[in-house]
Amino acid sequence: MADLEEILSDNLVKLRAENLDRQTIATRRLKKAYISRNGRKLLSFSCNDYLGLQGNRSVIKAAKSALGKFGSGSCASRMITGSNDLYDELEAKIAEICYTEAAVVFGSGYLANIGVITSLMGSRDLIIADKLSHSCIIDGSLLPKAELKRFAHNDLESLKTIISKYRKNYKNCLVITEAVFSMDGDTPDLKKIKEICEQHDAWMMVDYAHDLNHLAYRAKVKPDIIMGTLSKAVASYGGYIAGSKNLIDFIKSTSRTLIFTTALPPSVVASSLKALDIIQKQKWRAKKALDNAAYFRNIISDNLPNLNVGKSSSQIVPVIIGSVEETMKLSEYLLQKGFLVHAIRPPTVPANTSRLRFSFSSEHERSQIDRLCKELIKYFRKN
Ligand SMILES: *Cc1c(COP(=O)(O)O)cnc(C)c1O
């Protein structure tokens, strides 16, 4: 007999034995990159609020005002009555930031990736995605009956080999990568990928979820499809696709994750609008977050040159340990010292590449990073 409770508890025992069970822990965000959890105040290097906008006064004021004017929920999908003036304004602003003709906002970045890929690709098509692509890119690529191939992470030769070998067997081809990889903080050569796509009659899609530069400054390469999130640096909620007017019109008519779900609450849309405005006006925020990470990388390479910090060039810096157990141990140690740095384990990252993922923000101060590094140095000199 298939006893559900029995199957669940067997599986949970297995997950716990491998240190792969996951929990939700109530956390409250405080000022200056601190959080409070289990009654303790911790300095967090695990939040995606890279630009310190989550508690920003003008953002909160804009959200409150939208609540008063439009009410709590949007109460229908975008295509019925869920759209409003704020949505139009937000989409126009995103198109302006991305230098595209148009943009459309989805309920989340996850839904945006799934929506656009399933709208565009079908059974006669080929999707080629970076091996380390985010789960929602992979889920989105598995949903339509298209063929999915993966190229080695940030490896242009691997991409060229796959595209040369397989492109001709399919009608359309979509190449997908990320501007900044979420668990490694590294960046591909987007210009070269664009050239490969053009040579092989393929479309290029880039996920900018963790890229601060494109929000504050300008994306240097223009992919056919730009994807981004409003849930991380923008500190609100939602995801977007930006591109040509035809692309956006087509998505609005066909994307199931846009059509068959309720529009975001107006206060959330208002938060995004205000936050984007601040990001564009106060470019020091993006610069400071990136500088903080570079400062950390420099201290580590001077003092712990054998530590594997990957090829990060962004506000995300991994310290790759390998084993789940050792990674948890380091995370635990830092926790005792007052720092929150989450351990990232499979299946979020490949087996044997468990790591601590440090995310730096414009809220962190150099003195805080100095204190963190001191503990890391102490730990690795002892162990
Ligand atoms: C977080 C993330 C998403 C999903 O965005 P949400 O708005 O959180 O759903 C998509 N792609 C990448 C690379 C991400 O890191």
Side-chain angles (χ1 to χ4, degrees), residues 22 24 29 46-51 53-54 90-91 94 98 103-118 127 129-143 150 153-154 174-188 190 193 204-215 219 223 225-242 251 255-258 261-265 268-269 271-273 275-276 279 289 293 310 312-318 342 344-345 347-350 355 357-361:
R22 297 175 185 229
T24 53
R29 311 213 37 242
S46 284
C47 298
N48 290 333
D49 175 20
Y50 304 121
L51 304 177
L53 292 171
Q54 191 248 8
L90 178 59
E91 289 172 343
I94 291 168
C98 296
V104 59
V105 171
F106 285 72
S108 73
Y110 205 112
L111 294 174
N113 267 331
I114 293 192
V116 69
I117 300 169
T118 49
I127 300 169
D130 187 286
K131 194 118 200 171
L132 294 188
S133 294
H134 191 269
S135 301
C136 60
I137 294 175
I138 301 309
D139 292 352
S141 300
L142 293 172
L143 260 177
R150 320 271 297 263
H153 177 54
N154 279 350
L174 177 66
V175 172
I176 312 178
T177 189
E178 298 179 16
V180 169
F181 279 81
S182 55
M183 297 300 144
D184 294 79
D186 57 353
T187 317
L190 291 176
I193 293 179
M204 177 178 177
M205 170 168 163
V206 179
D207 177 328
Y208 285 89
H210 296 276
D211 187 278
L212 301 180
N213 285 314
H214 102 286
L215 287 174
I225 301 153
I226 290 177
M227 178 274 166
T229 179
L230 301 163
S231 322
K232 287 165 181 157
V234 183
S236 173
Y237 202 64
Y240 57 84
I241 299 295
I251 287 173
S255 275
R256 299 168 65 84
T257 57
L258 179 71
T261 188
T262 302
L264 288 165
V268 170
V269 179
S271 299
S272 299
L273 250 175
L276 285 174
I279 293 169
S312 158
S313 57
S314 67
Q315 77 284 7
I316 300 162
V317 186
H342 263 268
I344 311 286
R345 302 163 288 171
T348 309
V349 291
R355 66 198 62 189
R357 173 185 183 270
F358 294 83
S359 35
F360 292 90
S361 81

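Every number for a ligand or one of its atoms is a count from 1 in the order of the listing.
Judged as a ring pair (Phe, Tyr, Trp, His ring centres under 6.0 Å), and not counting sequence neighbours, the contacts of His153 are Phe181. Looking at residues two or more places apart in sequence or on another chain, you find no ring pair (Phe, Tyr, Trp, His ring centres under 6.0 Å) involving Tyr240. Judged as a side-chain hydrogen bond (donor to acceptor under 3.5 Å, both in side chains), and not counting sequence neighbours, Arg256 has no contacts.
Near ligand 1, Ser108, Gly109, Tyr110, Asn113, His134, Cys136, Glu178, Ser182, Asp207, Ala209, His210, Met227, Thr229, Ser231, Lys232, Gly238 each place a heavy atom less than 4.0 angstrom from the ligand.
With 3.5 Å as the limit, one finds a donor-acceptor pair spanning the side chains of Ser236 and Ser272. A side-chain donor-acceptor contact under 3.5 Å links Thr348 and Arg22.
Between Ile137 and Ile117, the shortest heavy-atom distance links the atoms O-CD1, 3.8 Å.
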